[in-house]
Structures are given as structure tokens and as C-alpha cells.
Chemist: 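The structure under discussion is supplied below as C-alpha cells; questions concerning it will follow.
Residue numbers count from 1 along this sequence.
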Amino acid sequence: MAVGAEQGRTAENGRSNAPSRDASSSPCSSLKMFLGALSFAYFSKSLSGSYMKSTITQLERRFDIPSYLIGVIDGSFEIGNLLVIAFVSYFGAKLHRPKIIAMGCLLMSIGTFIIALPHFIIGRYEFETSVRWEINSTNSPSPCAKSSATIVAQGNVLSGVPNTKCEGESNMSMWIYVLLGNVLRGIGETPVQPLGISYIDDFASQENAALYVGCVQTISVVGPVFGYLLGSMCAKIYVDIGFVNMETIPIGPSDSRWVGAWWLGYIIAGVLTLLSAIPFWFLPRSLPIGQRGAAQCTPEQTTFIKGSPLLEHKYPADEPTGFLEMAKDFIPTLRILLGNPIYLIYLCVTIIQLNSLIGMVTYKPKYIEQHFGQSASKANFLMGVINIPAVALGMFSGGLCMKKLKLSLMGAARFAFGTSLIGYFLSLFFFAMSCENAKVAGVTLPYDGMDGLPFDKPSAFTACNSDCVCSGNDWDPVCGEDGITYVSPCLAGCTRSAGSGTNTVFSNCSCVGSAGNLTARTGQCLHREDCDRMFLYFLALSVITSFIISLGGTPGYMLLIRCIEPQLKSLALGFHALATRTLAGIPAPIYFGAIIDTTCLKWGQKRCGGIGACRIYNTAAYRTAYLGLTLSLRSVSFLVCIPGFLLLRQQVRKEQRNAVHRAMANGGAEMEALGKDETAVHDADRSQHTAEHHSTDRETRL
């Protein structure tokens with residue numbers, strides 16, 4: 001009988017038991033393969049993206065460009081996204097999503113290789129120096145030149161003296177290749193997030209979807225760890241390694257003119273991105289959908305997203321659809337999406353917060369370099385091994401908390417808002433973690449070293465170097481024995497030099513010390529009082545705030561997915577990425593960089609004239625501009641959250657009341673149907689009783 005019952009159930013389901021097991025195991029393995037491939041793609045793209053962030057100071061110095069122009073280059077990635085993301089998100093959801101992701105990874109790798117191309121086209125790097133003559137000469141003429149003719153003969157350029165090397169000079173415009181390659185990277189990255197996340201959410205069970213998305217988001221944060229470590233390694237290697245004698249290079253990694261092997265990391269990142277494209281070519285277009293009834297959905301999901309768990313054809317990816325038919329539906333579908341007020345407010349909040357986040361992350365390594373006097377290599381290393389792992393742990397913990405606590409829509413919103421608010425209050429303590437400006441004679445200090453110098457009236461010339469004919473545009477710092485940095489050995493009044501490379505020592509410096517006969521060594525003075533201890537506090541607080549803020553990352557992202565209809569999921573994710581990249585990813589690095597440029601105290605000079613990269617900043621103004629702008633944007637985002645919470649709570653309550661009314665209406669209809677059935681049975685019994693009574697009467701009469 002058990003065998004017969006099992007056969008009956010098999011016949012009723014319309015399929016045998018063995019095929020059922022195969023159908024259930026195959027989608028699971030394919031989904032895990034897709035999850036692994038998507039994780040590696042996220043790893044590769046986030047590694048190359050973070051490596052771009054780690055090389056901003058290297059690119060500034062190599063191409064002699066200010067920070068705002070670096071912001072344009074960094075924002076060009078988002079411009080590439082902007083060009084195609086809306087169409088890829090909408091049409092890609094109806095096509096073969098894994099293969100579209102594969103093509104995107106291929107484009108990303110090509111763009112990454114193009115970024116590294118200028119290194120192989122332009123000549124060797126020529127850093128700004130006033131002792132260029134020491135490299136190829138055994139003579140040691142006095143750094144304190146007595147005539148302008150001597151300076152020109154030594155290779156220096158006074159203001160107003162034309163430089164013959166400028167004829168045909170076009171190397172500095174090679175940064176355009178970096179911009180174009182980054183645009184191509186942005187185009188290639190477009191399908192990875194909206195199509196990948198929607199694919200997982202479509203074919204994963206409800207209870208596992210949040211965990212899978214959390215895993216992918218965590219991997220995307222692990223990638224920057226290796227990206228910043230790669231940036232740290234390449235920043236230690238000289239840009240022209242293998243083509244110059246390093247013993248003759250008088251600058252080191254801590255010098256503001258040092259340029260590392262920035263091109264090497266882009267080649268490595270391009271290879272990884274190319275490899276990430278391979279698995280997607282072998283994955284299916286769609287997976288069989290397991291049975292997910294209303295019992296697996298929370299009441300809030302059942303009512304808030306109308307009909308979403310009960311739609312049998314929720315994922316129409318396999319249905320053949322013409323291009324023109326899809327194009328006609330695009331505008332009406334977009335109108336429906338933008339008609340969701342909760343989605344719009346969520347969009348505004350994330351745009352404002354991403355402006356703060358992108359600006360902060362883009363210039364954080366530079367902030368560490370300039371404010372705490374750390375090298376670019378050390379700043380990138382610390383970002384990779386301390387800050388980024390805290391973010392990864394926070395995002396994974398957020399996804400785990402959402403699964404364990406089974407957070408509803410309101411629960412996820414409260415969780416994300418609470419973690420962001422706590423992180424905001426902790427970030428206010430960064431203002432107290434300050435370091436003094438570097439002591440640079442004629443820039444931040446007068447030559448007597450006693451009182452501060454007005455930053456708007458720098459004076460590099462004084463009586464102690466009046467006998468020397470020096471260029472005020474050079475930046476070739478030397479560190480005097482008195483612990484003060486001088487802009488150049490000439491402005492320090494040094495008359496003799498000995499040694500080569502980083503071992504160069506200048507003597508008889510008339511401006512160094514009170515006696516005016518002390519020595520100076522090449523390079524900027526690195527030590528500042530109490531700054532190392534303050535830097536440790538900064539790192540500790542940075543780790544704590546990063547972890548707390550990232551806790552709300554996954555719940556906030558799942559809120560975006562759950563507050564829209566399933567049919568609009570890919571379009572909603574794509575439009576969200578489009579809006580955030582357009583209004584946050586593109587402008588944030590530009591205006592952050594422009595504001596940071598206003599705090600520059602000493603600009604480098606290009607060989608052909610014009611302003612190059614900034615050499616030293618006003619530390620206090622830099623801190624106020626960088627932290628103040630970051631926290632001000634977050635304050636505005638909290639104000640926008642208030643109407644969002646009110647609308648979300650109102651909508652949830654409204655749908656819950658409607659659900660109760662529908663349940664009561666359905667219950668009333670069932671009671672009415674039951675009453676009709678009972679009436680019909682009662683009438684039938686009465687008719688039967690009447691018939692029997694008439695039959696008895698007839699029998700009695702007979």
C-alpha cells in the first residue's frame with residue numbers, strides 16, 4: 001500500500017521521483033557555480049577599482065596634474081557606467097545574463113590594459129630638482145649659484161626664462177589614455193552588479209538570498225584589500241625600475257616627488273579581470289524554479305509587494321521577446337518604477353551618502369600621507385590590512401544578522417539607519433586627531449623659525465640666501481640639522497655638496513641654524529611631534545567606524561530589492577546604479593579634489609610652465625575641508641531619511657490592514673458558501689422527508 005500511495009503521488013505530480021532529485025540538484029550546483037564566478041568577478045573589479053584609488057598621488061605626480069583633474073579621471077569610470085547602464089539593466093534581464101556579464105569582464109580587462117599604456121609610450125620620469133646636474137657629473141659646483149647663467153647651465157629654469165625642452169612636449173597629456181581606459185572599465189563593469197544580483201535573487205530561495213548577496217558583497221570588499229596591498233607594493237618600486245641606476249636617484253618613497261611603478265598593478269589587475277570572464281560563458285541562461293509557496297514568504301512580503309510570491313511566471317527570462325517590444329515597454333516600466341515614493345527616497349539617501357563615502361575613500365590615502373606624514377606605500381598598506389577588512393567583516397555580519405533576526409522591511413531600515421548614525425557620531429572625534437603643519441621655511445615658518453607665517457603671503461627669499469640666485473619655483477626640499485625643511489638647497493644658502501643620490505649632504509648652509517653653518521640632507525624632514533601617537537588613534541577609530549557603518553550595508557541593499565516588484569528588480573538595481581554613479585560617483589571626486597586644492601601651500605611647476613601637482617598642504621585647512629565636507633553630507637542624508645521612514649511605516653500598515661480586510665472578506669465568502677451548502681442540504685432533507693410522508697399516507701389509504 002505504501003508503494004501504491006507513492007505511485008499515486010508520483011502520478012499526481014506528473015513526474016517521477018528520480019527526475020525530481022536531478023532537477024533539484026542541478027539548479028543548486030549551477031547556482032553555486034554562478035555564485036563563485038560572480039564572486040571572482042566582484043573580486044577582480046573591486047581590486048582594479050581600489051588600485052585606481054591607491055594610485056591617485058602617483059598619477060598626480062607622473063602627469064603633473066592637480067587633484068580636481070584626478071577627480072575627473074576617477075569619475076570617468078562612472079561616466080562609462082552612465083552611458084549604458086539603463087539599457088544593460090533593462091534589456092540584459094531579458095537576455096542571457098551570464099554571457100552579458102562575461103562580455104563586460106572582457107571590456108574591463110581591455111580598459112585596464114589601456115590605462116597602463118602611457119608608461120610604454122612616454123619617456124622616463126624627470127622629477128623636479130635643483131641638483132639635476134649631480135646625476136651625470138663628477139663635479140660638485142656650489143648649490144648657491146651666483147648668476148642666472150649658471151642656473152640655466154645647470155638645468156634649472158627661472159621664471160621668465162624660456163625652456164627649449166618644451167618644443168614638441170606632449171607627454172603630460174598622456175593622462176587622457178588613463179581617462180579613456182577608465183571609461184571603458186566603467187562600461188564593462190555595468191552588467192556585473194544589476195544582472196548578477198538579480199540572477200541570484202531570482203533563483204535562490206528566500207531564506208538564502210540575503211546570505212548569498214552578503215557573501216558577494218563581502219567578496220567585493222575583500223578585493224580592495226588586495227588592491228591596496230598591490231598599490232603599496234608598486235608604490236615602493238620606482239616608476240622606471242630597470243632603466244635607471246637607483247643609486248643616482250636622490251628621492252625616496254616618502255618624497256612628494258616620488259612616483260612608483262603605477263603601471264605594473266594595472267597589468268596584474270587586467271589579467272585577473274580577463275580570467276574572471278571565462279566561467280560565465282559556460283553557465284545557463286536561467287535555472288529551474290523550485291516551488292516557493294506563500295507559506296515561505298513573510299506576511300509583510302506577501303502584502304507589501306503585491307502578488308510577488310504567488311506569481312508562477314515571475315522570471316520570464318526564457319520567454320522569447322522581440323527587441324522592439326522590449327523597447328516599447330521601457331518608458332512605461334520606468335514610469336512605474338519612479339512612481340514608488342519609497343524607492344525615490346531611498347535613492348536620494350544613497351546618493352547623498354555615496355557622495356560622502358566616495359569622496360572620503362578616494363582621498364583617504366592622500367589624507368594619511370599629507371596629514372600624518374606617511375608614505376604612499378604605507379598609506380595604501382594600512383588601508384588594505386586594517387580598514388578594508390573591517391568593512392568586509394561588517395558587511396558579512398550585517399547579512400548574517402539579517403538572516404538570523406529575520407528582519408522585515410522596517411527592521412532592515414531601522415538597522416541600517418542606526419548603524420549609520422552611530423558611525424556618524426564616532427566620526428566627529430576625527431576632528432580632534434590633528435597634527436601640526438610641517439615646518440617648511442618660507443612656507444609655513446619664517447626663516448628664524450619662531451612664529452607662524454601667514455599662509456597667503458609665503459616668502460622663500462630672505463637675507464640669509466640673498467647672495468644666491470635661486471628659483472622660487474623649484475621644489476627640491478632638504479632637511480636641515482635644525483629640524484626645519486627648506487624648499488631647496490639654494491634657498492637654504494648651502495654652498496657645498498657631497499655624495500650622490502639619497503646620500504647627498506649639503507654643508508655651509510647660511511640659513512640653517514642660528515649660526516648659519518650647519519648641514520642639510522636631501523629630502524623633507526619626516527618627524528613631527530606627537531603625530532605618530534595621534535596616527536595610531538586615527539587608525540583605531542577608523543577601524544571601529546568602518547565596521548559599524550558597514551553593518552548596515554547588506555540590510556540596506558536588501559531593502560532596495562524588497563521594496564519593489566520582482567518584475568522591476570533588474571531595472572530598479574540598474575537605475576539605482578545609474579543615479580548614484582551620475583550624481584555621486586562622477587561629481588564627488590571632482591569637487592572633493594577641487595576643495596582640497598584650495599588648501600595647497602606650494603605647487604610644483606611643470607617643465608613647460610604652469611601648475612603641476614601640489615607638494616605641501618595646509619594641514620589644518622585640509623582636515624577641516626576633508627572631514628567637514630564628509631560629515632556635512634551625511635547630516636543631510638539623515639534629514640532625508642525622516643520622510644522615508646514615515647512613508648515606509650505608513651505603507652506597511654496600510655498593506656497590513658488591507659491584508660486583514662481581504663482575509664475577513666475571504667472568510668465571509670467562505671462562511672456564506674458554507675451557509676448556502678447547509679441550506680441546500682436542509683432543503684434536500686426536508687424534500688426527502690415530505691416525499692416519505694406522502695408515501696406513507698398513500699400506503700395507509702390503500
Chemist: Just checking F381: does its CZ atom have more than 12 heavy atoms from other residues, nucleotides or ligands closer to it than 6.0 angstrom?
Modeler: no
Chemist: Quick one: do F63 and V178 satisfy side-chain contact (heavy atoms from CB on, under 4.5 Å)? Show the steps, please.
Modeler: CA-CA 11 Å; F63 299 109; V178 180; 4.1 Å; yes
Chemist: Between the side chain of S420 and the main-chain N/O of A416, is any donor-acceptor distance below 3.5 Å?
Modeler: no
Chemist: If we only count heavy atoms from C-beta on, is the V440 to K602 side-chain gap below 4.5 Å?
Modeler: no
Chemist: Has S356 got a side-chain atom pairing as donor or acceptor with I352's backbone, closer than 3.5 angstrom?
Modeler: no
Chemist: Between atom CG of L639 and atom SG of C348, what is the distance when rounded to the nearest 0.5 Å?
Modeler: 13.0 Å
Chemist: When you compare the side chain of P589 with that of I358, does any pair of heavy atoms fall below 4.5 Å?
Modeler: yes
Chemist: If we only count heavy atoms from C-beta on, is the C435 to F535 side-chain gap below 4.5 Å?
Modeler: no
Chemist: Using modelled atom types only, decide if a donor and an acceptor are shared between the side chain of N182 and the backbone of I73 within a distance under 3.5 Å.
Modeler: yes
Chemist: Are any of the side-chain heavy atoms of S427 and R634 separated by less than 4.5 Å?
Modeler: yes
Chemist: For F538 and F372, I'd like to know if the aromatic rings sit close, meaning centre-to-centre distance below 6.0 Å.
Modeler: yes
Chemist: For the pair S542 and K364, evaluate side-chain contact (heavy atoms from CB on, under 4.5 Å) and give the outcome as yes or no after the intermediate values.
Modeler: CA-CA 11 Å; S542 180; K364 190 169 187 177; 2.6 Å; yes
Chemist: Decide yes or no for H576 and L347: does some side-chain heavy atom of the first lie under 4.5 Å from some side-chain heavy atom of the second?
Modeler: yes
Chemist: Using the ring centroid of each side chain, check whether Y51 and W262 are separated by less than 6.0 Å.
Modeler: no
Chemist: T112 and G270: which non-hydrogen atoms are nearest, and at how many Å?
Modeler: CG2-N, 3.6 Å
Chemist: Using only heavy-atom distances, determine whether the side chains of T55 and Y266 contain a donor-acceptor pair under 3.5 Å.
Modeler: yes
Chemist: Please indicate whether Y591 has more than 12 foreign heavy atoms, meaning atoms of other residues, nucleotides or ligands, lying under 6.0 Å from its OH.
Modeler: yes
Chemist: Using every non-hydrogen atom in the two residues, find where G223 and S46 come nearest and quote the distance to one decimal.
Modeler: CA-OG, 3.4 Å
Chemist: Please state whether the rings of Y617 and Y622 are parallel, tilted or perpendicular, taking 30° and 60° as the class boundaries.
Modeler: perpendicular
Chemist: If we ignore hydrogens and angles and just use 3.5 Å, is the side chain of T624 paired with the main-chain N or O of A620 as donor and acceptor?
Modeler: yes
Chemist: Measure from the side-chain N and O atoms of W263 to the backbone N and O of V239, and report whether any donor-acceptor pair falls under 3.5 Å.
Modeler: yes
Chemist: Hey, could you give me the CG/CG distance between L195 and L38, rounded to the nearest 0.5 Å?
Modeler: 10.0 Å
Chemist: Check whether any side-chain heavy atom of D74 lies under 4.5 Å from a side-chain heavy atom of M52, and answer yes or no.
Modeler: yes
Chemist: Report yes if the side chains of S434 and H371 come closer than 4.5 Å at any heavy-atom pair, otherwise no.
Modeler: yes
Chemist: If you round to the nearest 0.5 Å, how far is CG of L179 from CZ of F77?
Modeler: 13.0 Å
Chemist: As an exercise, state the distance from CD1 of I595 to CG of L629, rounded to the nearest 0.5 Å.
Modeler: 4.5 Å
Chemist: I'd like to know if the side chain of S276 reaches the main chain of T273, judged simply by a donor and an acceptor atom lying under 3.5 Å from each other, with no hydrogens or angles considered.
Modeler: yes
Chemist: Is the number of heavy atoms from other residues, nucleotides or ligands within 6.0 Å of OH (Y537) greater than 12?
Modeler: no
Chemist: Quick one: closest heavy-atom pair of F431 and G628, and the distance?
Modeler: CZ-N, 3.7 Å
Chemist: Quick check: does any side chain N or O of S546 sit under 3.5 Å from a backbone N or O of V543, one acting as donor and the other as acceptor?
Modeler: no
Chemist: Would you check, one step at a time, whether the test side-chain contact (heavy atoms from CB on, under 4.5 Å) holds for I596 with Y367?
Modeler: CA-CA 10 Å; I596 289 173; Y367 179 77; over 6 Å; no
Chemist: What distance do M383 atom CE and L539 atom CG have between them, rounded to the nearest 0.5 Å?
Modeler: 10.5 Å
Chemist: Quick check: closest heavy atoms across G423 and I549, and the distance to 0.1 Å?
Modeler: CA-CG1, 3.7 Å
Chemist: Do N380 side-chain atoms and S54 backbone N/O form a donor-acceptor pair below 3.5 Å?
Modeler: yes
Chemist: Would you say the side-chain atoms of S637 and Q353 include a donor-acceptor pair closer than 3.5 Å?
Modeler: yes
Chemist: Can you check whether K378's main-chain N or O pairs, donor with acceptor, with S375's side chain at less than 3.5 Å?
Modeler: yes
Chemist: Show the nearest heavy-atom pair for residues F592 and M360, with the distance to one decimal.
Modeler: CE2-N, 4.2 Å
Chemist: Considering non-hydrogen atoms only, spot the tightest contact between P191 and I101 and give its length.
Modeler: O-CG1, 3.8 Å
Chemist: Would you kindly check if the NZ (Lys) or CZ (Arg) of K45 is within the cone defined by 45 degrees around the ring axis of Y42 and under 6.0 Å from the six-membered ring centre?
Modeler: yes
Chemist: Decide if atom CZ of F226 counts as having more than 12 heavy atoms of other residues, nucleotides or ligands within a radius under 6.0 Å.
Modeler: no
Chemist: Is it the case that the side chain of R61 and the backbone of W258 share a donor-acceptor pair, with hydrogens and angles ignored and the cut-off at 3.5 Å?
Modeler: yes
Chemist: Could you walk me through whether F430 and T545 satisfy the side-chain contact (heavy atoms from CB on, under 4.5 Å) test, starting with their C-alpha distance in whole Å, then the side-chain angles of each, then the deciding distance to 0.1 Å, before giving a yes or no?
Modeler: CA-CA 11 Å; F430 283 126; T545 55; 4.0 Å; yes
Chemist: Given S67, which of T599, T362, T598, D597 fulfils the side-chain hydrogen bond (donor to acceptor under 3.5 Å, both in side chains) condition?
Modeler: D597
Chemist: State the CD1-CD1 distance between I548 and I422, to the nearest 0.5 angstrom.
Modeler: 6.0 Å
Chemist: State, yes or no, whether a side-chain contact exists between I100 and F280 at a heavy-atom distance under 4.5 Å.
Modeler: no
Chemist: Angle between ring planes, F40 versus F43, binned at 30° and 60°: parallel, tilted or perpendicular?
Modeler: parallel
